[in-house]
Structure formats: C-alpha cells, structure tokens
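Worksheet for the structure shown next.
Residue numbering restarts at 1 for every chain, and letters A, B, ... go by the order of the sequence lines.
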Protein chains: 2
Amino acid sequence: MSQDPLRLARPAVPPAYTIAAVDRAIALLELLADHPHAGVTQLAKLAGSTKSQVFRLLHTLERRRFVRKDNAQRSYALGLGALLLGERARLHTDLIRLAQGHLDALADATRENIYLTIRDGLSAVCVDMRHSPQPLRLYAEVGRAAPLHVGGGPKLLLAFAPDEVIEAVLKRPLTRFTNRTEVSAASLRRALAAIRQAGANESHGDLDSDAFSFAAPVRDLGGGVIAALSIAGPNSRLTQAAATRYRALVASHASALSRELGAPPVVTPPGAPIQLATATRAKGRRS
Amino acid sequence: MSQDPLRLARPAVPPAYTIAAVDRAIALLELLADHPHAGVTQLAKLAGSTKSQVFRLLHTLERRRFVRKDNAQRSYALGLGALLLGERARLHTDLIRLAQGHLDALADATRENIYLTIRDGLSAVCVDMRHSPQPLRLYAEVGRAAPLHVGGGPKLLLAFAPDEVIEAVLKRPLTRFTNRTEVSAASLRRALAAIRQAGANESHGDLDSDAFSFAAPVRDLGGGVIAALSIAGPNSRLTQAAATRYRALVASHASALSRELGAPPVVTPPGAPIQLATATRAKGRRS
DNA sequence: AGAGTTCGATGCGGACGACGCAACAGCGTT
DNA sequence: AACGCTGTTGCGTCGTCCGCATCGAACTCT
C-alpha cells in the first residue's frame with residue numbers, strides 16, 4: 001500500500017474486526033513466500049515496517065515452525081509448519097480430495113501433465129497436478145498465480161466467471177505470450193462465449209507456442225463452475241487421435257468429479273438439440 | 001512474572017519474545033486442522049478461549065483466505081491461502097525440491113508407494129510421496145505425524161537421531177501395531193544399532209502386517225541424516241528379485257539425492273566392516 | 001589484522017489495539 | 001410462538017505490542 005499521510009486512527013467506517021498483528025504475520029508469510037531466503041532488514045523494507053516488528057513476528061512464526069532460519073542464521077524461509085498446514089488444508093477441500101483419483105487416472109491414461117485449476121480473484125491458480133513421466137518442460141507449478149486469459153484451464157474459468165470478473169480482466173491489458181495469444185478484448189469475448197456454449201475449452205499455443213491444453217469444467221452443488229480439469233503437453237506429441245481421446249477423457253472425468261461433488265446431473269445434452277448458450281440465467285455465483 | 005493461573009492454552013515460555021496474537025492464530029489454525037468443519041463455539045471450547053477472540057481470529061484469517069466458511073456459514077475449514085503457502089514452503093525446501101526427480105523415478109521404476117520422510121521432534125512426518133498406480137490401501141498421507149519406532153523410514157530416522165531423541169522415544173511406551181512390531185526397548189536398541197551399521201533399513205509387517213518398506217538415508221552438507229527415502233507396498237507383491245532391486249534402487253537414489261544436497265561423497269562407517277555394498281553405478285538418468 | 005559497516009537481537013516506556021463481557025441477531029427445534 | 005443454540009457486534013478497560021535506540025557480532029575492505 002502507498003503511504004497514508006494521516007493514519008486513520010479514527011475508524012469512521014465499520015471497522016471490520018481484524019486483528020492487526022495476525023494480519024501482519026500473514027502478510028509477512030506471503031512476502032517471505034515471494035522472497036525466499038530474505039533477511040530481517042530486507043523483509044522489513046519490503047513490508048514497509050520496522051526491523052523489530054519483523055524480527056518478533058519471525059521469531060513467533062519460527063517457534064511454530066512456520067518459518068525456519070537458514071544456514072548461518074542470516075536468512076529466513078518458509079518452514080515445515082506451513083507445509084504441513086497446507087497439506088491439511090488440502091484434505092479439508094472436497095474438490096481436491098475427490099479429484100485425486102481422477103488426476104491419477106488421467107495421468108495414467110494420457111502420460112501428459114494434468115492440472116486442476118481454480119480461479120482466485122483475477123488469477124488462475126493450479127491447486128493440484130500430475131507430472132508427465134515423459135521429458136518435456138512445460139510451465140508447471142502448484143500455487144503460482146497465472147493470468148486468466150491464456151491457457152486451457154484459465155480461459156475456461158474466465159468464461160464461466162461472473163461478468164464483473166470478465167470485465168475487470170478485459171479492462172487490464174492482456175499480456176501477450178506468443179503470437180497466438182488472444183489480446184483483443186472483442187475477440188476474447190467471442191472466444192469466451194464459444195467456450196460457454198461448448199462447455200469445454202482447448203487452447204493451442206496461446207501461452208506456450210508449443211503446448212496444447214484440453215480443459216473441461218468442474219461444477220459443484222449449485223451447478224456453478226468451480227474448477228477446471230485439463231490435460232496439457234507439447235504439440236509435438238499431439239496426434240489427431242490423441243486429441244479426440246483427450247477431449248472425451250477430460251470431459252468424462254470432469255463430469256464424474258462434478259457428480260461426486262453433488263452437481264446436478266447433466267446440464268448440456270450431448271446431442272445439442274437446443275443450444276441456448278448464454279441464455280442460462282446463471283448470474284454471478286460467488287465462489 | 002511467575003503468576004501461574006491455570007490457563008489451558010498457555011504454552012508460551014516466559015522470556016521468549018513472541019507475539020501472543022500471532023501465536024494464538026497459529027494454534028487456532030492447527031486446531032482447525034485437527035477439527036475440520038468446526039464452529040466458532042466448538043473451537044473456542046477446544047482452545048480454552050472465548051468466542052469473540054476465536055471469531056475475530058477466524059475473521060482475520062478468512063480475509064487472508066487462510067480459512068474458509070463452509071456452506072451455511074456454520075463451520076470453518078482451512079482455506080486456499082494455507083494450501084498455497086504450503087506449496088510455496090515446499091519450493092523453499094531444498095530437500096523436497098531436489099527429491100522430486102528421485103521420487104518420480106522410483107515411482108516409475110517400482111510402481112509402489114514412495115515416501116520422503118523427515119523427523120519432527122519425536123515423530124516422523126512424511127513430507128512428500130508418490131502413490132502406487134496399483135490397487136492397494138496402505139496408510140498414506142502427507143503431513144500426518146507417525147511414531148518413530150515402526151516403519152522403514154521412521155525407524156531409520158530414529159536410528160540416526162541424537163541420543164536424547166532415542167532415549168525419549170524409548171522412555172515412552174511403544175505402541176504395538178502388529179505382532180511383529182518391536183516393542184521391547186532392548187531389542188529396539190539393537191535394531192537401531194544394526195540400522196546404523198548397515199546404513200539402511202527394511203521393515204516387514206511391523207506397522208501393517210501385510211506391508212514391506214525399504215528405506216535409505218538422505219544426508220545433507222554436514223553428513224547428518226535429514227530424511228529417509230523409502231519404497232513401500234504390500235508383501236503380496238514382493239518377490240525375492242524385487243527386494244534385491246528395491247534395496248539397490250532406494251540406496252542409489254538416496255545417495256544421489258544426498259550428493260545433490262552437498263553431502264560428503266561416500267560415508268564409510270568408522271570402524272565398521274563393509275556391509276552389503278550395492279554397486280552405485282548406473283544412477284537414474286533424468287532430465 | 002584492525003576498523004568500519006552492515007546485519008540481527010534486545011530493553012524500555014508509552015500508546016493503542018485487542019480482549020472479555022454482555023447484549024444482539026439468525027435459525028432450527030420444541 | 002418461544003426457546004435454545006449458533007455466530008456477530010459494541011464498548012470500555014487493560015495489557016500487549018510497537019518504535020526508538022542500543023548492543024553484539026559477522027562480514028569486508030584496505
């Protein structure tokens with residue numbers, strides 16, 4: 001945040017009750033996540049805080065194993081406690097827990113990278129994945145925020161996001177990754193409509209020029225799209241037959257997972273007698 | 001200073017400079033990890049605190065996505081923030097980051113469960129694993145604390161732990177899991193000495209009566225054992241040939257990982273005769 | 001090797017933010 | 001409809017955290 005000349009010590013607004021020290025601690029943790037092996041002084045500067053505060057926060061977090069002093073006591077990194085808590089959080093989330101079997105099955109059936117992606121605000125976040133056993137170097141990292149306008153899973157999530165999210169994304173400049181990246185707001189809008197109508201998405205080289213991605217939506221009890229399941233790999237390994245197979249596989253597993261999550265049976269008839277694409281009055285469904 | 005009113009949740013050591021609110025927040029997170037989908041009142045009771053404190057902590061944590069209100073706003077669970085932080089923590093840890101390739105390679109070569117386990121105090125904790133693609137139901141969960149006196153990896157960690165840890169473990173009653181669980185302190189001591197001498201460990205049916213486990217030590221720069229790499233599966237799938245292969249495989253990958261972590265080349269136990277020397281040639285070649 | 005310049009760690013008092021109490025508001029049940 | 005339970009909020013007081021300043025120590029530069 002930028003500096004506020006007058007620290008609003010007079011909370012005129014309803015002071016949504018948050019505990020400042022805890023908030024600072026979490027901010028510090030996330031700061032540390034982005035700056036591994038930073039020291040007290042560096043973190044204090046980055047956080048716009050004082051050394052003593054940062055030091056005491058780190059000390060507290062260290063006793064709980066959330067951070068860990070590295071080697072010669074000169075730098076800090078996230079610790080075991082954070083890691084373990086993350087694993088526990090994974091077990092608390094039905095989506096991820098129930099997805100395990102499908103991720104494994106897809107990985108086994110395709111031998112390509114498998115992603116489970118959700119939307120977090122204006123970003124896409126991969127919450128679980130399976131690595132391909134074959135040699136390839138695709139961007140692949142659980143937990144890193146990615147833009148919503150490129151890639152099989154992210155673009156699918158954007159297509160089913162509330163209107164205000166779509167507008168917010170379109171308002172900001174769309175970064176170009178390859179020459180096939182969709183950077184025009186108008187045509188991206190058309191692409192999103194097509195995705196909604198198809199109930200699936202596939203992208204070819206819009207994020208990595210040599211990568212494909214087949215994505216299908218995962219829905220929860222309310223029928224809203226809460227995640228995207230996707231198969232990704234290098235184009236060099238993509239045959240026509242494989243593409244057909246991947247389309248069917250990812251759709252099948254995504255709808256099976258949706259069913260396990262309690263989603264209403266099947267929304268779009270596979271014969272498509274009537275296609276009311278955007279006519280479904282599914283307004284903004286908050287996540 | 002030495003006022004000691006009987007406070008349930010007062011583990012704080014007097015002189016250490018810790019921020020109480022942050023400490024409470026972390027305690028609450030770990031409490032919530034053990035009691036998924038608990039409410040405010042229940043958590044307050046469990047923490048020995050008041051409703052308002054717990055509520056405000058939860059509110060603060062929720063704004064940061066560390067906890068998440070479930071369905072009808074009546075229960076809380078760990079949220080996305082905790083999960084993502086855990087993933088970041090994973091990237092901060094050399095051991096886990098460098099182990100990925102070896103875990104994948106072992107999983108591919110054996111098609112059994114692969115574990116990377118460390119010691120945390122008087123418990124063993126699995127920090128990463130690969131699931132076998134074959135059907136079997138072994139205990140398998142990242143992040144859950146396990147006893148040190150049973151299982152291939154844990155017992156290996158105990159063998160190389162400081163004496164005070166061994167003594168502390170032996171002092172407490174050793175829970176019996178199967179009829180092959182080692183519960184006598186004297187014979188466990190002998191077993192640990194044998195493990196140290198062999199520089200490896202394998203366990204058969206001491207935790208699960210139908211499970212085997214081959215474990216090898218991972219060392220860091222100082223030459224100390226910091227983790228155990230292990231292959232585990234059901235005895236029904238273990239042939240004589242597989243056992244020989246697993247012994248060599250796990251030892252090879254553990255020593256390769258140790259080398260990547262900067263461990264001194266080959267550690268020969270001082271004054272110990274050469275045990276079964278598995279040929280260290282032909283290391284797993286990966287990209 | 002010595003001194004300078006960082007860094008991390010610590011004491012202290014004052015100020016402000018968090019805590020506990022108790023009342024309020026939804027919701028399911030009796 | 002009233003009750004009991006839940007989560008939520010107001011408010012004053014007190015205890016806790018924060019900032020400043022200092023110390024100790026490690027690395028570096030000449």
Under 4.0 angstrom between A:Thr50 side-chain N/O and D:dG19 OP1 or OP2: yes

Residue list, side chain to side chain contact (heavy atoms under 4.5 Å, CB included) with A:Ser52, at least two apart or on another chain: A:Thr50, A:Arg56

Does B:Arg65 use its side chain to pair, donor to acceptor, with the backbone of B:Gly79 at less than 3.5 Å? no

What is the separation between atom CZ on B:Arg24 and atom C1' on D:dG15, rounded to the nearest whole Å? 10 Å

Whole angstroms only, please: what is the CD1-C1' distance between B:Ile19 and C:dC16? 15 Å

For the pair made of CD in B:Gln53 and P in D:dC11, what is the distance, rounded to whole Å? 21 Å

So, are B:Glu260 and B:Arg97 salt-bridged, with charged N and O less than 4.0 Å apart? no

Quick one: B:His37 NE2 to D:dT6 P, roughly how many Å, whole number? 18 Å

So, A:Lys171 and A:Glu164, do they make that salt bridge, N to O below 4.0 Å? no

Whole-Å distance between C:dG17 P and B:Leu57 CG? 17 Å

Summarise how protein sits on nucleotides 8-15 of chain C as a single string, 5' to 3': B when a protein heavy atom is under 4.0 Å from the base, S for sugar-phosphate-only contact, - for no contact. BSB-B---

Pair B:Glu167-B:Arg172, salt bridge (Lys or Arg N to Asp or Glu O under 4.0 Å): steps then yes or no: CA-CA 9 Å; B:Glu167 293 311 316; B:Arg172 314 172 81 177; over 6 Å; no

How long is the line joining CG of B:Leu58 and P of C:dC19, in whole Å? 12 Å

Are the side chain of A:Arg219 and the backbone N or O of A:Gly224 linked by a donor-acceptor pair below 3.5 Å? no

